[in-house]
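Just so it is clear: chains get the letters A, B, ... in the order the sequence lines come, proteins before strands, and each one is counted from 1.
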Amino acid sequence: MIDIKTIRDDPQRIKDAARLKNVACDVDHLVEVDARRRAIQQELDALRTKSREGGQQIALCRNPKSDWHKRAVENGRSAEDIKTESDRIQQELNEVKVRIKPLEEEDRTVNEEFDGLMLTVPQPAAAEVPEGKDDTENIELRTVGDIPDFDFELKDHVTLGADLDIIDIERGVKLAGSRNYILKGDGALLHQAVLRLAQDMMIARGFVPMSVPVLVREEVMTGTGYFPTGRDQAYLCERDEKALVGTAEVPLTAYHSDEILNENQLPLKYCAMSTCFRREAGAAGKDTTGLYRIHLFDKVEQVIVCRNDEELSKKFHAEILQNAEDVLRALELPYRVVNVCTGDLGQGQVQKFDIETWMPSRDSYGETHSASRFYEFQARRLMLRYRDAGKKVRYCHTLNNTVIASPRILIPLLELHQNADGTVTIPESLRKYMNKDRIQPPAA
RNA sequence: GGAGAGGUGGCUGAGCGGCUGAAAGCAACGGUUUGCUAAACCGUCGUACUGGGUCACACCGGUACCGGGGGUUCGAAUCCCCCCCUCUCCGCCA
């Protein structure tokens with residue numbers, strides 16, 4: 001969410017941001033509704049003041065022990081007279097009440113409309129974000145690690161998974177429908193090993209590990225910016241008015257919502273391993289093979305909550321990006337870092353760097369990580385604040401990035417570490433979690 | 001799922017129809033005192049929206065908020081209804 005004052009002052013800035021991000025937002029209408037909302041509030045405030053003051057006067061009239069009442073009697077007013085005044089005021093306030101009622105109704109509807117519109121306002125991208133219409137115009141910043149040459153014919157992860165008996169897509173689909181899978185034996189172990197490695201690396205860097213709810217209230221989804229716009233991407237448990245999260249970013253970022261932290265508590269660095277649920281609505285027919293685009297996966301996510309300071313945000317953005325790159329290096333996987341253009345940025349993101357890991361079966365880099373910073377966009381929605389040195393209440397800045405998401409990461413991991421004899425070498429960093437250095441085909 | 005108790009400011013906790021946005025204590029912050037620390041004393045100390053004010057702060061005013069939503073009333077933290085949440089006991093259970 002953006003400060004309404006800055007929208008009032010410079011609506012064009014938001015219009016430009018919406019155009020660049022390809023986000024629908026009727027800024028003119030919002031500004032109109034805001035004006036109406038303020039006018040109603042002022043009128044209502046005046047009426048309520050009158051009502052309160054009158055009510056207090058009635059209290060004085062009816063209380064013979066009040067100073068006002070004693071003085072009135074001393075000044076020669078009769079009890080009858082005072083009672084008449086009290087009744088007169090009450091009559092008057094009855095009329096005020098009649099005027100307040102419909103105004104309150106209008107106030108409610110206007111505010112609802114206002115709140116709804118505010119939720120559609122995009123966070124303007126940082127000035128240094130490249131302009132572009134969609135992901136085809138993202139800019140490659142650097143490639144790290146060499147794409148290896150193989151002197152034998154590579155199997156894709158689906159074939160490898162079947163031959164090694166570690167991935168069973170067919171039965172996953174039987175149980176749960178399309179875009180589901182089952183990991184088995186060393187496949188299940190490798191999946192957990194990757195997550196464990198990622199988590200251990202984050203703990204070593206001072207991130208507090210958390211175990212968080214994955215079925216959350218809708219406010220939490222709204223607060224982090226996934227609702228209302230992305231509502232159709234989430235699995236809903238409507239009976240309980242809750243949603244399954246698509247990432248642990250949601251509960252981690254909302255952890256301190258509705259709180260006012262002390263500045264000396266910041267920055268907060270959290271990580272969580274959680275299951276992630278994604279409907280992938282609108283992606284029918286896209287990435288249909290294998291483990292790339294699936295409805296359920298596990299991920300270690302990192303979140304930083306820091307002071308309201310753009311330079312600090314940038315600094316931490318670089319830090320969380322580095323954390324993810326270090327994990328890929330530990331997994332001995334080649335990747336590239338991409339500077340995401342305006343058109344491919346989410347509503348709330350100021351800037352985003354994706355990491356794409358080389359995937360032989362796709363003959364391209366595929367997105368495995370996404371590092372974003374939000375400034376106060378999420379914090380405003382979540383009422384996530386802190387008191388600064390001058391005792392002023394300010395909104396925090398939030399950032400997040402993937403540490404590792406599996407099984408998607410198993411695609412490059414299996415495909416790039418396979419050997420001519422059909423085995424897969426387990427990278428050094430994972431061996432302690434697997435107690436082996438190689439995945440072998442099952443004995444015939 | 002059944003029975004009971006309860007939700008008030010950062011925390012504890014009073015208030016139970018009107019001068020209460022809310023006592024008191026703790027914590028925090030500023031100051032005095034002090035060789036340092038501690039103690040003592042004085043002061044400050046909720047949030048949101050909004051009007052005025054300022055280059056911007058400061059500052060001055062209004063309204064709302066005592067779990068959420070509705071109702072009664074001239075007036076609700078206080079009375080009534082619905083919902084949510086927490087705790088205790090019982091049942092069930094990974």
Side-chain angles (χ1 to χ4, degrees), chain A residues 1-10 30-31 33-72 82-118 211 213-220 222-223 237-242 254-266 275 308 376 379-396:
Chain A
M1 200 142 62
I2 302 299
D3 190 347
I4 182 61
K5 293 188 195 89
T6 69
I7 302 174
R8 264 179 229 151
D9 290 349
D10 189 1
L30 172 63
V31 170
V33 171
D34 174 51
R36 204 141 53 84
R37 156 184 158 267
R38 284 190 290 161
I40 291 168
Q41 185 183 331
Q42 280 174 48
E43 197 178 343
L44 205 47
D45 283 357
L47 288 174
R48 281 171 172 158
T49 304
K50 198 169 172 186
S51 164
R52 204 203 68 226
E53 286 171 353
Q56 280 168 353
Q57 187 55 44
I58 290 172
L60 294 175
C61 291
R62 299 213 177 144
N63 180 2
K65 288 187 199 127
S66 74
D67 290 345
W68 181 89
H69 196 282
K70 285 180 192 155
R71 232 177 306 120
I82 291 172
K83 165 127 192 359
T84 309
E85 174 165 353
S86 158
D87 289 348
R88 200 205 78 234
I89 295 170
Q90 187 167 328
Q91 192 50 46
E92 215 175 284
L93 291 185
N94 268 324
E95 281 156 31
V96 171
K97 194 179 172 182
V98 168
R99 287 168 63 200
I100 286 179
K101 260 272 154 53
L103 256 187
E104 277 181 338
E105 190 55 47
E106 198 181 346
D107 184 57
R108 193 169 17 234
T109 51
V110 167
N111 270 301
E112 263 166 34
E113 187 177 11
F114 175 74
D115 293 342
L117 286 167
M118 282 298 276
S211 173
V214 292
L215 182 59
V216 301
R217 297 174 191 286
E218 294 213 4
E219 301 94 90
V220 174
T222 304
C237 298
E238 279 151 314
R239 253 199 319 196
D240 300 297
E241 294 179 313
K242 284 174 189 173
Y255 183 58
H256 290 291
S257 58
D258 286 317
E259 293 183 25
I260 300 177
L261 303 163
N262 287 321
E263 184 169 351
N264 60 20
Q265 290 175 264
L266 303 175
T275 302
N308 192 309
E376 45 178 66
R380 269 186 184 275
R381 291 175 166 231
L382 288 166
M383 293 299 272
L384 167 54
R385 297 154 298 170
Y386 69 99
R387 215 176 290 277
D388 72 9
K391 288 191 173 185
K392 217 179 138 195
V393 175
R394 311 196 64 189
Y395 291 101
C396 299

Colleague: Can you tell me, in whole Å, how much space there is between the C1' of B:G9 and that of B:G67?
Modeller: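 It comes out at 14 Å once rounded to the nearest Å.
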Colleague: For the atom pair CG (A:Leu60) and CZ (A:Arg71), what is the distance rounded to the nearest 0.5 Å?
Modeller: 9.0 Å
Colleague: Could you tell me how far apart A:Glu95 (CD) and B:U73 (C1') are, to the nearest whole angstrom?
Modeller: 17 Å
Colleague: Please report the distance, rounded to the nearest Å, between CG in A:Asn111 and P in B:U63.
Modeller: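 Rounding to the nearest Å, CG of A:Asn111 and P of B:U63 are 18 Å apart.
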Colleague: Could you state the CZ-C1' distance from A:Arg217 to B:C85, rounded to the nearest angstrom?
Modeller: 7 Å
Colleague: Nearest heavy-atom pair of A:Ile7 and A:Met118: which atoms, and what distance?
Modeller: CD1-SD, 4.0 Å
Colleague: With a 4.0 Å cutoff (strictly under), does any side-chain N or O of A:Thr49 reach OP1 or OP2 of B:U63?
Modeller: yes
Colleague: For nucleotides B:C26 and B:U86, find the distance between their P atoms and express it as a whole number of Å.
Modeller: 32 Å
Colleague: Mapping A:Ser51 and A:Gly55 onto RNA chain B by nearest heavy atom, which one lands closer to the 5' end?
Modeller: A:Gly55
Colleague: Can you see whether A:Asn111 engages A:Asp107 through a side-chain donor-acceptor pair at a distance of less than 3.5 angstrom?
Modeller: yes
Colleague: Which distance, rounded to the nearest 0.5 Å, do you find between the CG of A:Leu47 and the CZ of A:Arg99?
Modeller: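 Separation between the atoms: 5.0 Å.
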Colleague: Going 5' to 3' through nucleotides 44-50 of chain B, assign each nucleotide B (protein heavy atom under 4.0 Å from a base atom), S (under 4.0 Å only from sugar-phosphate atoms) or - (no protein heavy atom that close).
Modeller: --SSSBS
Colleague: If you measure from the P atom in B:U8 to the same atom in B:C66, how many Å do you get, rounded?
Modeller: 12 Å
Colleague: Taking atom C1' of B:G75 as reference, at what distance in whole Å does atom CD1 of A:Ile58 sit?
Modeller: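 About 7 Å, once rounded to whole Å.
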Colleague: What distance, rounded to whole Å, do you find between the two C1' atoms, one in B:C89 and one in B:U50?
Modeller: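 Pairwise C1' distance, B:C89 against B:U50, rounds to 49 Å.
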Colleague: Name the closest nucleotide to the A:Asn94 side chain, picking from B:G62, B:C74, B:U72.
Modeller: B:C74
Colleague: In whole Å, what separates the P atom of B:G31 from that of B:U88?
Modeller: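 Between the two P atoms, the distance is 45 Å.
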Colleague: Between B:C74 and B:C55, how far is it from one C1' atom to the other, in whole Å?
Modeller: 46 Å
Colleague: Taking atom P in both B:A76 and B:G17, what distance in whole Å separates the two?
Modeller: 14 Å
Colleague: Which whole-number value in Å describes the distance from A:Lys392 NZ to B:C29 C1'?
Modeller: 18 Å
Colleague: I need the A:Ser51 OG to A:Gln56 CD distance, nearest 0.5 Å.
Modeller: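 CD of A:Gln56 is found 9.5 Å from OG of A:Ser51.
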Colleague: Please determine if A:Glu113 and A:Arg37 form a salt bridge, counting it only when a charged side-chain N lies under 4.0 Å from a carboxylate O.
Modeller: no
Colleague: Reading 5' to 3' and counting Watson-Crick or G-U wobble pairs with both distances under 3.5 Å, write the dot-bracket notation for RNA chain B, | for bases paired outside the strand.
Modeller: ((((((((.[[[..)..(.....]]].(((((.......))))).(((((((......))))))).[[[[[..)....]]]]])))))))....
Colleague: Which pairs, with at least one residue in residues 39-62 of chain A and sequence neighbours excluded, count as a salt bridge (Lys or Arg N to Asp or Glu O under 4.0 Å)?
Modeller: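 Every pair satisfying salt bridge (Lys or Arg N to Asp or Glu O under 4.0 Å) with a residue in residues 39-62 of chain A: A:Arg48-A:Glu104.
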Colleague: Please evaluate residues A:Tyr386 and A:Asn308 with respect to the criterion side-chain contact (heavy atoms from CB on, under 4.5 Å), reporting the C-alpha separation (whole Å), side-chain torsions for both, the decisive distance (0.1 Å), and the verdict.
Modeller: CA-CA 9 Å; A:Tyr386 69 99; A:Asn308 192 309; 3.4 Å; yes
Colleague: Can you tell me, in whole Å, how much space there is between the P of B:C87 and that of B:C82?
Modeller: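 Each nucleotide's P atom is 23 Å from the other's.
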Colleague: Want to settle it: does A:Leu60 or A:Ile89 sit nearer the 5' end of RNA chain B, counting the closest nucleotide to each?
Modeller: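 It is A:Leu60, whose closest nucleotide lies nearer the 5' terminus.
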Colleague: For A:Asp388 and B:C57, give me the distance from atom CG to atom P, rounded to whole Å.
Modeller: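 Distance check: A:Asp388 CG to B:C57 P gives 13 Å.
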Colleague: Please report, rounded to the nearest Å, how far the P atom of B:G18 is from the CG atom of A:Leu93.
Modeller: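 Those two atoms, CG and P, are 17 Å apart.
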Colleague: Can you tell me the distance, in whole Å, between the CZ atom of A:Arg108 and the P atom of B:A64?
Modeller: 15 Å
Colleague: Let me know which of A:Asp10, A:Asp9, A:Ile2 forms a side chain to side chain contact (heavy atoms under 4.5 Å, CB included) with A:Thr6.
Modeller: A:Ile2
Colleague: Hey, what do you get for CZ (A:Arg88) to SG (A:Cys61), rounding to the nearest 0.5 Å?
Modeller: 9.0 Å
